[in-house]
2 protein chains.
Amino acid sequence: MMHKTLKHEIKADYLLERGMELLWSKGYNATSVNDIVVAANVPKGSFYFYFDSKEDFAIKAIDKYFQAQFAPAQEILLDKTVSPKERLLNFHEFRCNVLKNEMECKMGCLACNLGNEMAEHNENIRKAILQRETLVQAQITAVVKEAQELGEIDSTLNAADIVAFFEDAGKGAMTTMKEMKSAYPIDNFMNMVRAILLK
Amino acid sequence: MMHKTLKHEIKADYLLERGMELLWSKGYNATSVNDIVVAANVPKGSFYFYFDSKEDFAIKAIDKYFQAQFAPAQEILLDKTVSPKERLLNFHEFRCNVLKNEMECKMGCLACNLGNEMAEHNENIRKAILQRETLVQAQITAVVKEAQELGEIDSTLNAADIVAFFEDAGKGAMTTMKEMKSAYPIDNFMNMVRAILLK
DNA sequence: AGATACTAGATGACCGGTCAATTATAAAAT
DNA sequence: ATTTTATAATTGACCGGTCATCTAGTATCT
């Protein structure tokens, strides 16, 4: 298992791609290894050649998720040609639109879903999610700080705290979105971003 | 199953009480019917005498959860001897303290947990949660409106929207609390309640 | 005796994970 | 260049165990 062939990487990646969707939509316990191999049209026995365990698969899927999902949003967040405040607006609008349009208000966020389901009873998955979310928040916080220092937005509240609060509000909005099967919580969140965070 | 005896009710209720804790902590798919009957020290075969199915059990557990958890908070929220703004403060502080002290930052909220895990794929559970959450929000909104009309708090934002936003923020804070294994998200939420909602 | 309340044990489906066997690839020998 | 040998990659069949649910019965009433 030392040196992995290209074919190996491609198949493992395809397994991850299809399996990620299942974990995202159905959660960890409701997604079986068999579901994953069937979705990727890969023989059952091969799964454990590509991955050590179902848990290992989930953690690699989380990694892929953050890479794939956050990368385009990050580009907007760090675009130096745009003012910090406007970047924050574009960043949040982009993420909300993805949730609303691409996901049809049904799936929410893989990390939140798995975090909610697994954090209490699986340390490896918990830490994988927490570590990546921490990185994301640090980047948003930096831009909020920038906007505060420029006087573009209110600076009575600590940047890290207000970012943590709004990230949590976004998480909760996704939960409610799934419960309501409606975009209202996301639209409402976006309005509050404009009215409070970017005030 | 027509006429239910007192003994029947008591046993069913005890099953619900112990099973609720399991659903709360481990979620739906990770809690087996066997786990529940063992926890309640009830004979294995009896489960389906008291409940139609695992789903039926979960819905009744959700009902019990809202009754048990919201009732004391509701009393604070509706206490007419206290001003609306102060009632909102006490209400949120009470709920946060429950999360921090009684739950050791580990379990969050049964409704959010099950909602996140099950909403997309189980309509009955989804509706059961949504219906009860809607009732709770309506009661909070009424008090916010009251406080706004008295000029105790800011009224630039629509009461229902700001309540929905803060309820979502609370949900997200619980998710993050579980991920971080820390009370920070809850404390941060409470600070924002004071700084924004009750401003 | 008959009805009702209750439960032990069984059921087939499915779970995550393993494994002996097969196939593809490469190295060595001719 | 072809055959032989050795190794790595891949696989369907299968493991013990657990799942939600049901059946067939026993106990407890009236």
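Please read these numbers as outputs of a predicted model, since none were measured by experiment. So you know, we letter chains A, B, ... as the sequences are listed, proteins then strands, and number each from 1.
Both tests do not hold together for Lys60(B) against Phe51(B): distance to the six-membered ring centre under 6.0 Å, angle to the ring axis within 45°.
Residues Asn116(A) and Glu117(B) have side chains that never bring a donor and an acceptor to within less than 3.5 angstrom of each other. At a cut-off of 3.5 Å, with distance as the only test, no side-chain donor of Ser32(B) or Asn34(B) sits close to an acceptor on the other residue.
Counting non-hydrogen atoms under 4.0 angstrom, Ser32(A) reaches the backbone sugars and phosphates but no base. Using a 4.0 Å heavy-atom distance criterion, Lys54(B) is classed as a sugar-phosphate-only contact.
Two residues, Gly45(A) and Asp35(A), neighbour DNA chain C, and the one matched to the more 5' nucleotide by heavy-atom proximity is Asp35(A).
Atom CZ of Phe57(B) is separated from atom C1' of dC19(D) by 16 Å (rounded to the nearest Å). Atom CG in Asp52(A) sits roughly 14 Å away from atom C1' in dT18(C) (whole-Å rounding). Straight-line distance from the CD1 atom of Ile36(A) to the C1' atom of dG17(C): 13 Å, rounded to whole Å. A straight line from CG of Asn34(B) to P of dC22(D) spans 16 Å, rounded to a whole angstrom. Atom CZ of Phe51(A) is separated from atom P of dG16(C) by 15 Å (rounded to the nearest Å). Going from atom NZ of Lys44(B) over to atom P of dT11(C) covers 13 Å, rounded to whole Å. Per the geometry, CG belonging to Asn29(B) stands 12 Å off C1' belonging to dC15(C), to the nearest Å. Between Glu55(B) atom CD and dT21(D) atom C1' there is a gap of 14 Å when expressed in whole angstrom units.
Among dA5(C), dG12(D), dG9(C), the nucleotide with an atom closest to any side-chain atom of Phe49(B) is dA5(C). Here dC6(C) is the nucleotide among dA9(D), dC6(C), dG17(C) with the atom lying nearest to any side-chain atom of Ser46(B). With dG17(C), dC15(C), dG12(D) as the choices, the nucleotide that has an atom nearest any side-chain atom of Ser53(A) turns out to be dG17(C). In this structure, of dG17(C), dG9(C), dT7(C), it is dT7(C) that holds the atom nearest to the side chain of Tyr50(B).
Ring geometry for Phe166(B) versus Phe165(A): interplanar angle of 30 to 60°, hence tilted. The aromatic rings of Phe57(A) and Phe47(A) sit tilted relative to each other, their planes meeting at an angle between 30° and 60°.
The phosphate of dG17(C) (OP1 or OP2) has a side-chain N or O of Tyr48(A) nearer than 4.0 angstrom.
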